[in-house]
Amino acid sequence: MRILVSGATAVVRQLAAHYPDHLGVLHTPQTGNRLCSLPLPWACDNSAFSNPDNDKFWRLSIKSWAMDRHYPPLWVAVPDVVGNHRTTLASFGWWRTHWLEEIGRIPFPLAFVLQNGCTVDEVPWDDIAAVFVGGDNEFKLRQSADLIGEAKDRCKLVHIGRVNTHRRLRYAYDLGADTVDGTAYSMFSETHLGRALRYVAGLERRPVLW
């Protein structure tokens, strides 16, 4: 499992040599870092939870598309609406149609953000490479397991957002998450990131709970 970090480039670069299999980069519309500036797997979020901005997301999409043939992202999270599956699904459909009409194809691997109210049969499985587990804590911790299990059965990548503690790292690992992110690893990277990476590396030597 990898921790994807937004920003904190100097710390990430330092730790990358020690944790190449557990570290990655998460680009966001607000970060402004040069894409692929670190030799690590990377993905793109849309910042819907913190500060949604479709214009900035579109510019990030253009940059990601330009890099696709050289070092493609793991996924790009299509803009969502926090806590609202219906509106998130409509947003996904709008962006998919927009890309097809503007450039004639889906430009990169897409991640669909799972939000409150989402069910297995309402995920656009055929159009995505990954699911991004969003939603509130009730949804994330108590209602998303079946969706994650279905994603794994379909060989989709699973990302879980807002994973800032060892307890949640263990939860994400046991559910089979491929990647996670958390603001603590970006905002307080010197304090938290190394500890989290050591913990994740140690999980691989422990039994999975389920």
Side-chain angles (χ1 to χ4, degrees), residues 4 6 24-33 35-36 41-140 143-144 146-163 177-181 183:
L4 302 186
S6 175
V25 176
L26 185 65
H27 291 288
T28 71
Q30 284 75 29
T31 303
N33 291 351
L35 296 187
C36 299
W42 60 285
C44 291
D45 193 6
N46 59 63
S47 296
F49 182 77
S50 58
N51 188 20
D53 187 321
N54 280 350
D55 289 338
K56 288 184 178 180
F57 174 74
W58 178 240
R59 289 195 291 272
L60 179 62
S61 295
I62 293 172
K63 293 178 181 178
S64 301
W65 186 25
M67 291 303 302
D68 185 61
R69 70 195 66 181
H70 303 294
Y71 190 6
L74 298 170
W75 42 261
V76 173
V78 180
D80 57 298
V81 178
V82 178
N84 190 320
H85 166 65
R86 292 296 179 188
T87 310
T88 293
L89 186 61
S91 177
F92 182 92
W94 184 92
W95 279 96
R96 181 184 183 281
T97 300
H98 178 70
W99 281 318
L100 289 174
E101 291 179 349
E102 289 293 319
I103 61 177
R105 70 179 183 93
I106 304 300
F108 25 61
L110 302 182
F112 180 74
V113 184
L114 306 177
Q115 295 288 356
N116 295 57
C118 184
T119 60
V120 167
D121 59 351
E122 292 180 318
V123 177
W125 297 112
D126 293 339
D127 297 320
I128 63 174
V131 293
F132 185 126
V133 183
D136 61 19
N137 287 337
E138 176 70 20
F139 174 79
K140 187 187 301 288
Q143 300 170 17
S144 64
D146 288 345
L147 290 161
I148 293 172
E150 182 70 17
K152 301 301 292 186
D153 288 344
R154 292 173 178 263
C155 298
K156 308 296 182 181
L157 296 175
V158 173
H159 178 84
I160 302 180
R162 304 200 313 277
V163 177
D178 299 284
T179 55
V180 300
D181 76 274
T183 56

Task: Short side-chain to backbone donor-acceptor contact, D80 and T88, under 3.5 Å - done: no
- [ ] Work out which heavy atom in L157 is nearest to a heavy atom in L74; give both atom names and the distance.
- [x] CD1-O, 4.1 Å
Open item on the list: Using a strict threshold of under 4.0 Å (side-chain N to carboxylate O), is an ion pair present between K156 and D178?
Closed with: no
TODO: Output, in order, the C-alpha distance, side-chain angles, deciding distance and verdict of side chain to side chain contact (heavy atoms under 4.5 Å, CB included) for L147 and V131.
DONE: CA-CA 9 Å; L147 290 161; V131 293; over 6 Å; no
Open item on the list: Keeping D45 on the side-chain end and L26 on the backbone end, is there a donor-acceptor pair under 3.5 Å?
Closed with: no
Task: Geometric class of the H159/F132 ring pair [parallel <30°, tilted 30-60°, perpendicular >60°] - done: tilted
Open item on the list: Tell me if a side-chain donor or acceptor on W75 pairs with a main-chain N or O of F112 at a distance below 3.5 Å.
Closed with: no
TODO: Considering non-hydrogen atoms only, spot the tightest contact between W125 and V120 and give its length.
DONE: NE1-O, 2.9 Å
Open item on the list: Please give me the minimum heavy-atom distance between V78 and S91, naming the atom from each residue.
Closed with: CG1-O, 4.3 Å
Task: Aromatic plane relationship, F108 with W99 - under 30° parallel, 30 to 60° tilted, over 60° perpendicular - done: perpendicular
Task: All salt bridge (Lys or Arg N to Asp or Glu O under 4.0 Å) counterparts of D127, not counting sequence neighbours - done: R96
- [ ] Could you tell me the separation between the CD atom of Q143 and the CG atom of N116, rounded to the nearest 0.5 Å?
- [x] 6.5 Å
Open item on the list: Among residues at least two apart in sequence or on other chains, which ones pass side chain to side chain donor-acceptor pair (under 3.5 Å) with D153?
Closed with: none
TODO: Looking only at non-hydrogen atoms, find the nearest pair between L4 and V25 and report the distance.
DONE: CD2-N, 3.9 Å
Open item on the list: Nearest 0.5 Å, please: how far is OG1 in T97 from CZ in F92?
Closed with: 9.5 Å
Task: Main-chain N/O of I160 paired to K140 side chain as donor or acceptor, under 3.5 Å - done: no
Open item on the list: Between R162 and N137, does the side chain to side chain contact (heavy atoms under 4.5 Å, CB included) criterion hold? Intermediate values first, please.
Closed with: CA-CA 9 Å; R162 304 200 313 277; N137 287 337; 3.7 Å; yes
Open item on the list: Please give me the minimum heavy-atom distance between P109 and P73, naming the atom from each residue.
Closed with: CG-O, 3.8 Å
Task: Contact summary for C118 and L114, nearest pair of heavy atoms - done: SG-CD2, 3.9 Å
Open item on the list: Applying salt bridge (Lys or Arg N to Asp or Glu O under 4.0 Å) as the test, list every pair that has at least one member in residues 114-126; sequence neighbours left out.
Closed with: R86-E122
